[in-house]
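To keep things clear, I will list the structure first and then write my remarks on it.
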Amino acid sequence: MKSAKRYPFLKLQQKRFSLYFENRTNLPQIPTEQQFRLWIWHALKNEYRRADISLILLDEEDARAYNRDYRGKDYATNVLSFALDEGETVLAQNPDTLSGDLIICPQVVAGEAAEQGKTLEAHFAHLTLHGTLHLMGYDHISEEQAEIMESLEIKLLNQLAYPNPYQQDEI
């Protein structure tokens, strides 16, 4: 029996979600493309009929250049999100489709995970979900927005069997 017949959700996911994945870093212990795909899909599947997302893993120097050029901040950050229609006033041709780019710097993620006592996989999962939620329009600029976004991150991570990433902040 073919895998798509046994698991129709895989066929549906392939129709609704395309991921372009590129790893430009040499850091070992990077999650697999399939793990990133699962995390992104988990964040968006209930709100979007279709998604076209690119995920690029960059070393610190390149991640720093993107952060400097697009955000005016001269340091490498963990995740950057660029929604395709961000800042545009024209309605997208298909509002049910999410399109955007995620850039993750594994060196920054690894450093934060070690510093915060988190597993590398759990921190990658959290930041991948976090970046995807940004693509979806969630933000944490105000306290109210931050509470909404953080509670959604906790819920999604819990569904994937990862711990609350903010729990140690509350102690």
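Worth knowing before you read on, the calculation uses all heavy atoms, side chains too, and leaves out hydrogens, waters and symmetry mates.
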- Query: Can you name the closest pair of heavy atoms from Pro165 and Ile154 and give their distance?
  - Reply: CD-CG1, 4.3 Å

- Query: Would Tyr75 and Ile104 show up in the same hydrophobic cluster when neighbours are defined by side-chain heavy atoms closer than 4.5 Å?
  - Reply: no

- Task: Start with the C-alpha gap between Val109 and Leu120, add the side-chain angles, then the distance that decides, and say whether side chain to side chain contact (heavy atoms under 4.5 Å, CB included) holds.
- Result: CA-CA 8 Å; Val109 175; Leu120 190 57; 4.3 Å; yes

- Query: What do the steps show when you test Leu84 against Asp52 for side chain to side chain contact (heavy atoms under 4.5 Å, CB included), and what is the final call?
  - Reply: CA-CA 10 Å; Leu84 185 63; Asp52 297 305; over 6 Å; no

- Which atoms form the tightest heavy-atom contact between Leu135 and Gly100, and what is the distance? CD2-CA, 4.1 Å

- Euclidean distance, Leu80 CG relative to Ile56 CD1, rounded to 0.5 Å: 11.0 Å

- When the ring planes of Phe82 and Tyr66 are compared, do they come out parallel, tilted or perpendicular, using 30° and 60° as the limits? tilted

- Listed once per pair and sorted, the salt bridge (charged side-chain N to carboxylate O under 4.0 Å, His left out) pairs that draw on residues 53-66, sequence neighbours left out: Arg64-Asp74

- Note on the structure: One should read off an interatomic distance between Ile40 CD1 and Leu133 CG, to the nearest 0.5 angstrom, of 11.0 Å

- Message: As an exercise, state the distance from OH of Tyr48 to CG of Leu98, rounded to the nearest 0.5 Å.
- Response: 5.0 Å

- Item | Heavy-atom pair of closest approach, residues His126 and Tyr166 | NE2-OH, 3.2 Å

- Nearest atoms (heavy-atom pairs only) where Ala43 meets Leu129: CB-CD2, 3.6 Å

- Inspect the surroundings of CD in Gln159 and state if more than 12 heavy atoms from other residues, nucleotides or ligands are less than 6.0 Å away. yes

- Item | From CG (Asn23) to OG1 (Thr32), nearest 0.5 Å | 11.0 Å

- Query: Going from OG on Ser54 to CG on Leu102, what distance comes out if it is rounded to the nearest 0.5 angstrom?
  - Reply: 7.0 Å

- Task: Nearest 0.5 Å please: distance from the NE2 atom of His130 over to the CH2 atom of Trp39.
- Result: 15.5 Å

- Please report the C-alpha distance between Leu156 and Tyr162 in whole Å, then the side-chain angles of each, then the deciding distance to 0.1 Å, and finally whether the side chain to side chain contact (heavy atoms under 4.5 Å, CB included) criterion is met. CA-CA 9 Å; Leu156 292 169; Tyr162 292 108; over 6 Å; no

- Query: More than 12 foreign heavy atoms under 6.0 Å from CZ of Arg68: is that the case here?
  - Reply: yes

- Message: On a heavy-atom basis, which atom in Val79 and which in Gly131 lie closest, and how many Å separate them?
- Response: CG2-CA, 4.1 Å

- Between Glu153 and Tyr138, is any side-chain donor less than 3.5 angstrom from a side-chain acceptor? no

- Message: Ignoring hydrogens and geometry beyond distance, is a side-chain donor-acceptor pair present between Glu150 and His140 at under 3.5 Å?
- Response: no

- Query: Going through the checks in order, is the side chain to side chain contact (heavy atoms under 4.5 Å, CB included) test met by Leu44 and Ile53?
  - Reply: CA-CA 11 Å; Leu44 62 83; Ile53 296 183; 3.7 Å; yes

- Query: For the residue pair Phe17 and Arg50, what are the closest heavy atoms and their distance?
  - Reply: N-NH1, 3.7 Å

- Task: Check whether any side-chain heavy atom of Ile30 lies under 4.5 Å from a side-chain heavy atom of Phe124, and answer yes or no.
- Result: yes

- Note on the structure: Residues pairing under salt bridge (charged side-chain N to carboxylate O under 4.0 Å, His left out) where one sits in residues 24-34, two or more places apart or in two chains, turn out to be Glu22-Arg24, Glu33-Arg37

- Query: Would you call Glu112 and Leu127 a side-chain contact if the rule is heavy atoms closer than 4.5 Å?
  - Reply: yes

- Message: With a 4.5 Å cut-off on side-chain heavy-atom distances among I, L, V, M, F, W and Y, is there a chain of contacts connecting Phe36 to Val108?
- Response: no

